[in-house]
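So that the names make sense, note that chain A is the first sequence line, chain B the second, and so on, each numbered from 1. Small disclaimer: the values here were computed from a predicted structure and weren't measured.
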2 protein chains.
Amino acid sequence: MTQPDPAPAAQLSERAQRLLKVLVERYIEEGQPVGSRTLAKGGIELSPASIRNVMADLEELGFLRAPHTSAGRVPTVRGYRFFVDSLMCVQPLESAAVDRVRRTLDPHASTTDLVQSASTLLSGLSHMAGVVMVPRRDSLTLRQVEFLPLSDRRVLAILVVNEREVQNRIIHVSRDYSRIELLEAANYLNALFAGRDIFQVRSELLAEMRRAQSDVNDLMRRAVEMAEQTFVADGEAADDFVMAGQTNLMGFSELADVARLRQLFEAFTQKRDLLGLFDQCMHAQGVQIFIGDETGYDVLEECSVITAPYEVDGRVLGVLGVVGPTRMAYERMVPLVDVTARLLSAALNSRV
Amino acid sequence: MTQPDPAPAAQLSERAQRLLKVLVERYIEEGQPVGSRTLAKGGIELSPASIRNVMADLEELGFLRAPHTSAGRVPTVRGYRFFVDSLMCVQPLESAAVDRVRRTLDPHASTTDLVQSASTLLSGLSHMAGVVMVPRRDSLTLRQVEFLPLSDRRVLAILVVNEREVQNRIIHVSRDYSRIELLEAANYLNALFAGRDIFQVRSELLAEMRRAQSDVNDLMRRAVEMAEQTFVADGEAADDFVMAGQTNLMGFSELADVARLRQLFEAFTQKRDLLGLFDQCMHAQGVQIFIGDETGYDVLEECSVITAPYEVDGRVLGVLGVVGPTRMAYERMVPLVDVTARLLSAALNSRV
DNA sequence: GGCTGGCACTCTCAGGTCAGGAGTGCCAAA
DNA sequence: TTTGGCACTCCTGACCTGAGAGTGCCAGCC
């Protein structure tokens, strides 16, 4: 996890913990700094003065802070962290919401549509921004390849991988090939390598070529030339995510500053920072929570991010999550993200 | 064009016109309401008092308005419109910028990349938001079609159209076909219809089928079943645009209100309004300017939009443009949009 | 008749003051 | 250890004020 330095719960009396819990819940709900009077009336059975003592302790320990002398207290990042780790009661997601997620993530839809739907769902149900990394496909099983001649020594390669995904790329070759020559090369590759991993095929072909040197025939040379360019990873390019509901973030008063908002949205379009954050979550298990500067990125200082990986056949393919202000309903967001990740995994798994 | 009701230039003395021109230019540059003193010192050879008289006339005619009693004047939509139609001197775009556009719009790139580059160029050079409609391809020439069996009576159809564009769709068929059966159907369609328009092919096949009724063989029936679903327009779905540099709009003080900004960005993600506006420009000639409420959409009230259609073989394929605050440097944006549209057309035309 | 200088007027903006309210910290008493 | 009391701090909004900018209008001038 990501808490900066462990704040031993031992430091906090049972009473202080209860108080912190109520205060954080209250603050998340109302958005106003909460004072001792408010707490005394709602949930804490102590006089305002005693509450003030406890709050002073909590402030000293770094769980709370006062925006100014007479303004009640607000949770710090550390306060939220402790709340999230030890105090929060995660309720299961309402079944209506679960149903909606389940119904929307149709296993028959294409991967792109699934990713799109998932991010729309996340934003719709959280009223914040939803993000879904597009699945990284580290294994690309060749199903079929096809080449079509273009002019200028260029060839259009069409690649069907993993049963239903179609990719196409334009490759540059050493001379113009005829339609027939390309067909032969494709047939050769299909016959020999259908059902195999394309990167393996590529390196195998190259190795074979090098070993055999002189006695390779023209057909094989052709095939290798194509394969070399066709079967390259576009993993780099596919390192991407889909986002929905960014505009929801404009509704939060915490983020109402136009200049900050601009930076935030620029970070969203550049994608780099969020991708960095999401990459960290790829191989962590289950739901992760990053609060404020725990994200490690300045632009996200006022934001929290909740993520969960999704997977197929037990292999993590990507990460999804929500982005919102630090003052968010964590106990609702955690199950939302969790359920969405599970159901997206299920949809991807159960496809045929 | 779009001016609401023609403001006869005759109403305006030569002097008033000159004054309006200087005032609008000044306001666009500085962003502050401009007063009589400022004008007297910069460009207008009259005393402040005389200038005030002229300005009062212009205000009465609806070309200017005063934000408040002692704040100088600001152009109204009508003022901008008259400026744009009759007063503005459009300078040609700096050659450095033209070069950059030309170099960036590489004819060898894919359509998607070209559209993306064009919108990035527009936003980069305008410091506002750039928009490019994706080309509507009303003619889809079949080059090759391929079918691959999936489970559950579904087939993956891969379609190469217009020489280099690859589309794929999943179609539902009446029974599971074998790989061979699908191959036959594809060969049949390719042999007969390669190089033809896919919609024509579709209707022809259906007509033929209906005419021949009983004596069609199984192969043909199969082919028709595929073609029927494969060769459908996705023109609807492709009604789309690519936008870049939205965040630039957050820098303008005119648009600094978070609530309005949110509406604007929501309109951008929903796309409907902008598409409506762009559709109007499809069949107008050359550069179009929409100022403030001339756009016809409330969210764009504070914005101006400048568009130009782009074309291939003399046929308009789409529209591109920029979106910014009404207070923009029209005389620079017009040639920018114009040149980008021309060079995008050129790039699309000269491809091989 | 059109242009100009002068002048009173209006409006915004920034800064300062002030009272009210909210919440705290501390202390002494229960 | 808890609690009530009290002085204190700080924010907030309202109000005022003076400076600055620009106008409208008028009377005089070319």
Taking five pairs at each terminus, the helix from C/dG1-D/dC30 to C/dA30-D/dT1 shows an axis bend, to 10°, of 20°
Going by atom types alone, do A/Y330 and A/S304 pair a side-chain donor with an acceptor below 3.5 Å? yes
Here the gap from B/M250 atom CE to B/L264 atom CG, rounded to the nearest 0.5 Å, amounts to 9.5 Å
field: Quiz item: A/T69 side-chain donor-acceptor pair to D/dC10 base, under 3.5 Å
entry: no
| Does a side-chain N-to-carboxylate-O contact under 4.0 Å join A/R332 and A/E94? | yes
Exercise. Just call it for A/S50: base, sugar-phosphate, or nothing, with non-hydrogen atoms closer than 4.0 Å on any strand.
Key: base
Whichever of A/V34 and B/P67 has the more 5' nearest nucleotide on DNA chain C, that residue is B/P67
Output for pair (A/F290 CZ, A/Y297 OH), nearest 0.5 Å, gives 9.5 Å
Between B/A56 and A/P48, whichever has its closest DNA chain D nucleotide further toward 5' is A/P48
*Okay, side chain of B/T76, backbone of B/G62: is any donor-acceptor separation there less than 3.5 Å?*
yes
To the nearest angstrom, the NZ-C1' distance between B/K41 and D/dA21 comes to 11 Å
Rounded to the nearest 0.5 Å, the CG atom of B/L255 sits from the CD atom of B/Q263 at a distance of 12.0 Å
A/D57 CG to D/dT2 P, in whole Å, measures 11 Å
From CD of B/Q32 across to P of D/dA21 the rounded distance in Å is 12 Å
A/R15 atom CZ is separated from D/dT3 atom C1', nearest whole Å, by 12 Å
- Do B/F265 and B/F268 have ring centres separated by under 6.0 Å? yes
Exercise. Would one find a side-chain N or O of A/S70 under 4.0 angstrom from OP1 or OP2 of D/dC10?
Worked result: no
Rounded to the nearest 0.5 angstrom, the CZ-CG distance for B/F82 and B/L87 is 5.0 Å
Span of DNA chain C engaged by chain B, first through last nucleotide within the 4.0 Å heavy-atom cut-off, is C/dC3 to C/dT12
Polar side-chain atom of A/S123 near backbone of A/T120 as donor-acceptor pair, under 3.5 Å: yes
Query raised in the report: Does A/R52 get its side chain close enough to the base of D/dG4, under 3.5 Å, for a donor-acceptor pair?
Result: no
